2 protein chains.
Amino acid sequence: MADAPKKPPMTKDSLLPLLTAHVLSHGLGGASLRPLAKAAGTSDRMLIYHFGTKEALIVDLLGYIAKVYAAALDAAMGSERAATRADVVASILAHGDAPAMQPFMRLWWEIVAGAARDLPGYQLAAQAMMGELLGWLEGQMPAGDPDPQGGARYLMTVIEGTAMLTAVGHGDTAQQGLLAGGLLPS
Amino acid sequence: MADAPKKPPMTKDSLLPLLTAHVLSHGLGGASLRPLAKAAGTSDRMLIYHFGTKEALIVDLLGYIAKVYAAALDAAMGSERAATRADVVASILAHGDAPAMQPFMRLWWEIVAGAARDLPGYQLAAQAMMGELLGWLEGQMPAGDPDPQGGARYLMTVIEGTAMLTAVGHGDTAQQGLLAGGLLPS
DNA sequence: CCAGGTATGTAGCGACTGCTACGTTCGCTT
DNA sequence: AAGCGAACGTAGCAGTCGCTACATACCTGG
């Protein structure tokens with residue numbers, strides 16, 4: 001028999017994806033060690049052993065989630081280049097409404113709330129994710145756009161406002177606003 | 001001696017303002033009965049007695065907070081009418097940045113996160129508050145605006161996007177975006 | 001071969017959670 | 001005066017929280 005790797009070693013890097021999956025479906029605020037450990041196939045004892053503290057675990061987890069988000073953006077950075085700003089907005093909103101994105105959006109608002117309360121790690125993760133989005137948006141701007149940098153910031157503000165209004169059930173309000181602002185193809 | 005009202009009766013209506021003050025400074029997610037009761041000068045026993053359940057308490061509290069928010073908007077609905085959409089945005093952002101508003105903004109993001117997770121009462125409160133803001137915004141639109149309804153929805157989307165980016169430390173990004181979009185006086 | 005550090009399981013600690021059982025005091029009605 | 005239900009205090013329950021003490025395993029280096 002070959003060397004049978006009975007137990008793959010348990011490290012932070014092997015735990016973080018499992019923890020991420022758990023918080024994506026169960027939320028970040030109410031996350032406690034025992035359910036997290038169960039989702040990762042360990043015990044709370046081991047989570048503290050590897051991360052030292054629950055707070056450190058959350059910080060590490062947020063950093064990892066930010067990286068996952070950046071990778072997802074890279075993957076979504078398809079070659080399709082929109083012709084107008086309105087097309088860019090429409091394309092992004094269509095992606096954001098996808099059911100696969102909803103667990104992530106729900107998590108996102110918890111991160112925003114944590115950042116607004118200055119919880120450790122939240123600001124950093126949120127800023128990193130928004131920075132990624134901004135860079136990606138700049139690359140998505142139409143070819144002949146007169147002000148890609150400013151335009152990307154403009155679109156990001158509008159898109160995030162739409163996302164928030166959608167989260168609280170005012171998505172139609174945002175849609176009408178985008179139309180009135182000329183930011184959606186009529 | 002006149003009839004001395006030794007103990008003012010404790011009702012929901014007398015408790016809600018005290019509870020609101022507590023969640024404004026301590027947050028809504030981690031609120032537990034005993035600290036809430038202490039802030040209101042009672043015991044957890046009485047909170048359950050009056051509200052029946054912690055969940056019902058939170059629902060009632062969110063409804064009350066929405067009313068307080070509406071009243072605050074009414075009070076802020078000064079007679080000053082801005083001349084341009086950019087002036088409207090600038091005036092509102094100036095109000096939102098005021099230190100007195102920060103506890104409320106922090107609470108707001110918790111409400112958004114709760115609404116995104118379909119916690120009972122959160123969606124309703126958030127929708128009510130956004131509805132109030134929208135109505136107020138329509139009344140704030142410049143006199144000769146070509147499309148006050150659509151314009152108010154447009155500005156609300158932009159303003160909420162700016163608020164979110166500000167909460168996560170990307171306020172400057174939003175400012176630059178508003179400038180590029182012609183939504184801030186240069 | 002065996003000392004020693006790393007990794008892991010089991011139990012449990014004190015604090016806190018939402019909530020309840022029980023008893024008491026009050027104002028009101030009959 | 002007797003009764004009665006609402007209003008309230010005290011004590012406590014079962015459960016969960018983050019975290020730790022203790023006892024093993026396990027592989028590695030001397």
Side-chain angles (χ1 to χ4, degrees), chain A residues 1-20 22-23 25-62 64 110 113-114 117-122, chain B residues 1-20 22-23 25-62 64 110 113-114 117-122:
Chain A
M1 52 201 136
D3 49 342
K6 300 185 178 181
K7 294 220 173 185
M10 180 191 312
T11 70
K12 285 187 181 185
D13 295 328
S14 78
L15 288 172
L16 285 174
L18 303 170
L19 299 177
T20 299
H22 184 258
V23 299
S25 55
H26 292 17
L28 189 48
S32 52
L33 287 181
R34 282 169 178 82
L36 278 173
K38 194 172 164 187
T42 345
S43 62
D44 55 334
R45 164 74 179 76
M46 281 297 104
L47 292 185
I48 296 295
Y49 177 75
H50 283 294
F51 294 93
T53 289
K54 185 193 177 183
E55 180 177 307
L57 185 153
I58 297 293
V59 172
D60 279 12
L61 186 53
L62 286 171
Y64 176 77
E110 290 194 88
R117 290 219 177 264
D118 273 323
L119 303 186
Y122 283 73
Chain B
M1 52 201 125
D3 48 343
K6 301 185 177 177
K7 294 220 173 182
M10 182 193 309
T11 69
K12 285 187 181 183
D13 294 327
S14 76
L15 288 172
L16 285 174
L18 303 170
L19 299 176
T20 300
H22 184 259
V23 298
S25 57
H26 292 51
L28 190 48
S32 53
L33 286 181
R34 282 169 178 79
L36 278 173
K38 193 172 165 186
T42 343
S43 63
D44 55 334
R45 164 75 179 74
M46 283 296 104
L47 291 184
I48 296 295
Y49 177 75
H50 283 294
F51 293 93
T53 290
K54 184 193 178 183
E55 182 177 305
L57 185 154
I58 298 293
V59 172
D60 278 13
L61 186 54
L62 286 171
Y64 176 77
E110 289 193 88
R117 290 217 177 265
D118 273 324
L119 303 187
Y122 283 74

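Please read these numbers as outputs of a predicted model, since none were measured by experiment. In what follows, chains are A, B, ... by sequence order, proteins preceding strands, each numbered from 1.
Residue B:H50 has no polar side-chain atom (N or O) positioned under 4.0 Å from OP1 or OP2 of D:dA6. Between B:S32 and C:dC16, a side-chain N or O to OP1/OP2 separation shorter than 4.0 Å is absent.
In terms of the side-chain contact (heavy atoms from CB on, under 4.5 Å) criterion, residue partners of A:L119 (sequence neighbours excluded) are, by chain and number, A:R117, A:Y122. Every side-chain contact (heavy atoms from CB on, under 4.5 Å) that A:T53 has, sequence neighbours left out, goes to A:E55, A:A56. The side chain to side chain donor-acceptor pair (under 3.5 Å) search around A:K12 returns A:D60, not counting sequence neighbours. Residues satisfying the side-chain contact (heavy atoms from CB on, under 4.5 Å) test with A:R34, not counting sequence neighbours, are A:D44. Partners of A:S32 under the side-chain contact (heavy atoms from CB on, under 4.5 Å) rule, at least two apart in sequence or in another chain, are A:P35.
D:dC8 atom P lies 12 Å from atom CZ of B:F51, rounded to whole Å. The nearest whole Å value for the distance from the CG atom in B:L33 to the C1' atom in C:dT20 is 13 Å. Atom CE of A:M46 is separated from atom C1' of D:dA25 by 12 Å (rounded to the nearest Å). Regarding B:L15, its CG atom lies at a distance of 12 Å from the P atom of D:dA7, rounded to whole Å. Atom OH of B:Y49 and atom C1' of D:dA6 are 5 Å apart (whole Å). Counting to the nearest Å, the P atom of D:dC26 and the CE atom of A:M10 are 15 Å from each other. Across the protein-nucleic acid pair, B:I48 atom CD1 and C:dC22 atom P stand 18 Å apart, rounded to whole Å. Per the geometry, CG belonging to A:L47 stands 14 Å off P belonging to D:dT20, to the nearest Å.
Taking for each of A:G30 and B:T42 the nucleotide of DNA chain D with the nearest heavy atom, the 5'-most of the two is the partner of B:T42.
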What N/O pairs connect the protein and nucleotides 10-14 of chain D at under 3.5 Å? Give each pair on its own line.
residue : atom : partner : partner atom : Å
D:dG12  : O6   : B:R34   : NH2          : 3.2

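Using a 4.0 Å heavy-atom distance criterion, B:A37 is classed as making no nucleic acid contact.
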- Item | Derivation and outcome, side-chain contact (heavy atoms from CB on, under 4.5 Å), residues B:L36 and B:L57 | CA-CA 11 Å; B:L36 278 173; B:L57 185 154; 4.3 Å; yes

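Side-chain atoms of B:L19 and B:Y64, non-hydrogen and from C-beta on, never get closer than 4.5 Å to each other.
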